[in-house]
**Student:** 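One structure, as structure tokens, below. Some questions next.
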Number of protein chains: 2
Amino acid sequence: MPNVTIADVARLAEVSLGTVSRVMNHNPTVRPATRKAVLAAIAELGYRPNMNARNLRSQRTRAVGLLVTDLTQALVPQAIRGVEMALHPHGYAVLVGDAHSDPAVERESFNSLVDRRVDGLIWFPASRRAEVEEMVAEAGIPVVLFGQTSPSATVPTVMVDEHPAFDAMAADLAALGHRRFGFIGAGPTVRGRLRRLETALGRAGLTRDPRFEVTVPNRDDCYAVVQAMLRRDPRPTALLATPHDMVPPTVRAIRDEGLRIGQDISVIGFGDTEWAMALDPTLSVISVDYTTHARDAATILLQHIDGIATAPRVIRHQSTYVRRGSVGPAPVDA
Amino acid sequence: MPNVTIADVARLAEVSLGTVSRVMNHNPTVRPATRKAVLAAIAELGYRPNMNARNLRSQRTRAVGLLVTDLTQALVPQAIRGVEMALHPHGYAVLVGDAHSDPAVERESFNSLVDRRVDGLIWFPASRRAEVEEMVAEAGIPVVLFGQTSPSATVPTVMVDEHPAFDAMAADLAALGHRRFGFIGAGPTVRGRLRRLETALGRAGLTRDPRFEVTVPNRDDCYAVVQAMLRRDPRPTALLATPHDMVPPTVRAIRDEGLRIGQDISVIGFGDTEWAMALDPTLSVISVDYTTHARDAATILLQHIDGIATAPRVIRHQSTYVRRGSVGPAPVDA
DNA sequence: CTGTTAGCGCTTTCAC
DNA sequence: GTGAAAGCGCTAACAG
């Protein structure tokens, strides 16, 4: 029962507080015999260090915060694992914060992490750039952004350039004769993705059409929103659903309307998970490797915590377009 | 930059440390004018409380640990949300620990949470019952188990009785003429689920057959393992895949073998997500509402932390069997 | 209503 | 190589 303190251990081992502390911190200047006695006392009493006391005194926590946009989103848990795997070998614990896709909640989570005095923060932000940079400046701890689509001017960033994937997708669909391109989006990433879509469509000789673009206010509304879009005339002949969680309701709505994916309508999902290959036809996707991004972010953060940043301030990854069975030629009657 | 302390605030506001502390803790015995001055100083300096100091002194953290078996498993993030939603209104933060489905890692995560002096712990254990109860006893803080399939004798438990769902599934399949029932499993839940399957099959007049039961060592092996099973003769005519993540590779392997789900082979998944309805045919499942379980666990934990446990020591939920298109009559040639 | 004071459990000089 | 002592930032008890 952790009301055992270092003092109890010292008393039992007949040494001073300082010696117990030295043993706990693997200080080599402790005689083996002494160490053994202390270890025995620790085991006998079931002593566990009080992190609050330790952190307060030493002014470091050996913990880093990981603030994600939305924990329930596919791929996010994988990203957390990536961070853990990079940090654990260095003795750092990971404290996860969740923004619930809401800037207000995000601010609270951010503060909560800072108040716990994490040594650094890895952040996949939902808030706008200006707010993010301001919060980082005020926090006064090393921060690395990731998941961003453009670099921050002030904060180290692991970014993913989505343009190549969007361009490839748009070119592919244009070549297949598609002219009406639809978009199902939700959450803080919608604005950016629509912008990238506009650019990509333009380069492919197509244009955005707001009639085929919907933002889903609530995850549960996705099915109804897609259904409504499909029932209007004309309807899109191709569709991008983002983020990943928008895919299943979209697929279901399409099938319930009696449309054949890959024939009557082409579908591209965002994020490549096992489910993409489980669908029939298999799902084309824009694929992003968040695990690697997160790991990179963790590695860079470590450098900043140690005060020696050898890595470049901006790391640039790419997303890729993967064509599968869900994309086919535009229907002839279109 | 949080090197600002309560002392800096006190100096600027021209009050004592105690008064600043009282303002921070919403102590009503502070004159409004004083409070306003303190608040102004706090804002001006960007003061943020040091949780380590606060927790050390007050001997409570207003944080509860949530230790899960595997963060990357479907439904787990939903369960975390459930806990957050129950605890946030009471001012408690949630610290998530991840056992990576490994008892050794679980022990570390458990200790890490205890060392941070969380006020209580919600635990979906991967370790065996005896170890769990021993660790709980040593931790000396309130713990509530959930996700369990049977109650602990010593620890409050929110359990889910899987027998009714397994029975319903077995009866349904037996009635449809199935005689060879397969099982794809992974992780710490395999043993229990196999036991429940045995009971259920027995009640339905069927028997387990080890030839059709596989445990997947690594998630990535699932496809190959299922493929191998399907290529043996005879092969099962119905298949349960658990946990949820085993479903997509299983479905893919079945299709790649040229088998039609719901006709040549019936499939039941574990856990009802949007993807179950996105498949074609739609996926039959054993459905468990972890969000509700987690919320219940959080509510009970709160009572134990406050020292007033009015709720029963054991809460019993049920899982349900949902038949959809992926289950059909056994093939005639079987 | 507010100031003063004594620690919470630990790390870290500084002596010896 | 080890002990003694100071103090991290904060809360809570006690004066006033």
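So that the names make sense, note that chain A is the first sequence line, chain B the second, and so on, each numbered from 1. All figures in this text were calculated on a predicted structure; none of them were measured in a lab.
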**Student:** Test your reading of the model: is there a side-chain donor-acceptor pair from A/Thr157 to the backbone of A/Val314, 3.5 Å cut-off?
**Tutor:**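 No, A/Thr157 side chain to A/Val314 backbone: no donor-acceptor pair under 3.5 Å.
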
**Student:** Compute the angle between the rotation axes at the two ends of the helix from C/dC1-D/dG16 to C/dC16-D/dG1, each taken over five pairs, rounded to 10 degrees.
**Tutor:** 40°

**Student:** Hey, are the side chains of B/Val76 and A/Pro77 touching, using non-hydrogen atoms and a 4.5 Å cut-off?
**Tutor:**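 They are not in side-chain contact.
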
**Student:** Do A/Leu121 and A/Met135 come within less than 4.5 Å of each other through their side chains, counting heavy atoms only?
**Tutor:** no

**Student:** Among residues at least two apart in sequence or on other chains, which ones pass side chain to side chain donor-acceptor pair (under 3.5 Å) with A/Ser58?
**Tutor:**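 In terms of side chain to side chain donor-acceptor pair (under 3.5 Å), with neighbours along the sequence ignored, A/Ser58 is linked to no residue.
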
**Student:** I need the full list of ring-ring contact (aromatic ring centres under 6.0 Å, His included) pairs touching residues 70-120 of chain B, with sequence neighbours left out, sorted by first then second residue.
**Tutor:** B/Phe110-B/Trp123

**Student:** Is there a donor-acceptor pair closer than 3.5 Å between any side-chain N or O of B/Thr299 and the backbone N or O of B/Arg295?
**Tutor:**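 At least one qualifying donor-acceptor pair exists.
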
**Student:** Assess whether a salt bridge exists between A/Asp70 and B/Arg81, defined as any Lys/Arg side-chain N lying under 4.0 Å from an Asp/Glu carboxylate O.
**Tutor:**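 Here A/Asp70 pairs with B/Arg81 in a salt bridge, since their nearest N and O are under 4.0 Å apart.
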
**Student:** Grab the CD-P distance between B/Glu14 and C/dT2 for me, whole Å please.
**Tutor:**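 Those two atoms, CD and P, are 14 Å apart.
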
**Student:** With a 4.5 Å heavy-atom cut-off, do A/Val64 and A/Ile305 have their side chains touching?
**Tutor:**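 In short, these two side chains touch, coming nearer than 4.5 Å.
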
**Student:** Walking along DNA chain D from 5' to 3', note the first and the last nucleotide with an atom under 4.0 Å from a heavy atom of chain A, and give both.
**Tutor:**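 The protein-touched segment is D/dG1 to D/dG9.
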
**Student:** Base contacts versus sugar-phosphate-only contacts with protein, heavy atoms under 4.0 Å: please encode nucleotides 8-16 of chain C as B, S and - from 5' to 3'.
**Tutor:** BBBBBB---

**Student:** Going by the rule side-chain contact (heavy atoms from CB on, under 4.5 Å), which residues pair with A/Arg54 if we only count those two or more places apart in sequence or in a different chain?
**Tutor:** A/Met24, A/Asn25, A/Pro49, A/Met51

**Student:** In terms of the angle between their ring planes, are B/Phe124 and B/Phe146 parallel, tilted or perpendicular, with boundaries placed at 30° and 60°?
**Tutor:**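 B/Phe124 vs B/Phe146 ring planes: perpendicular.
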
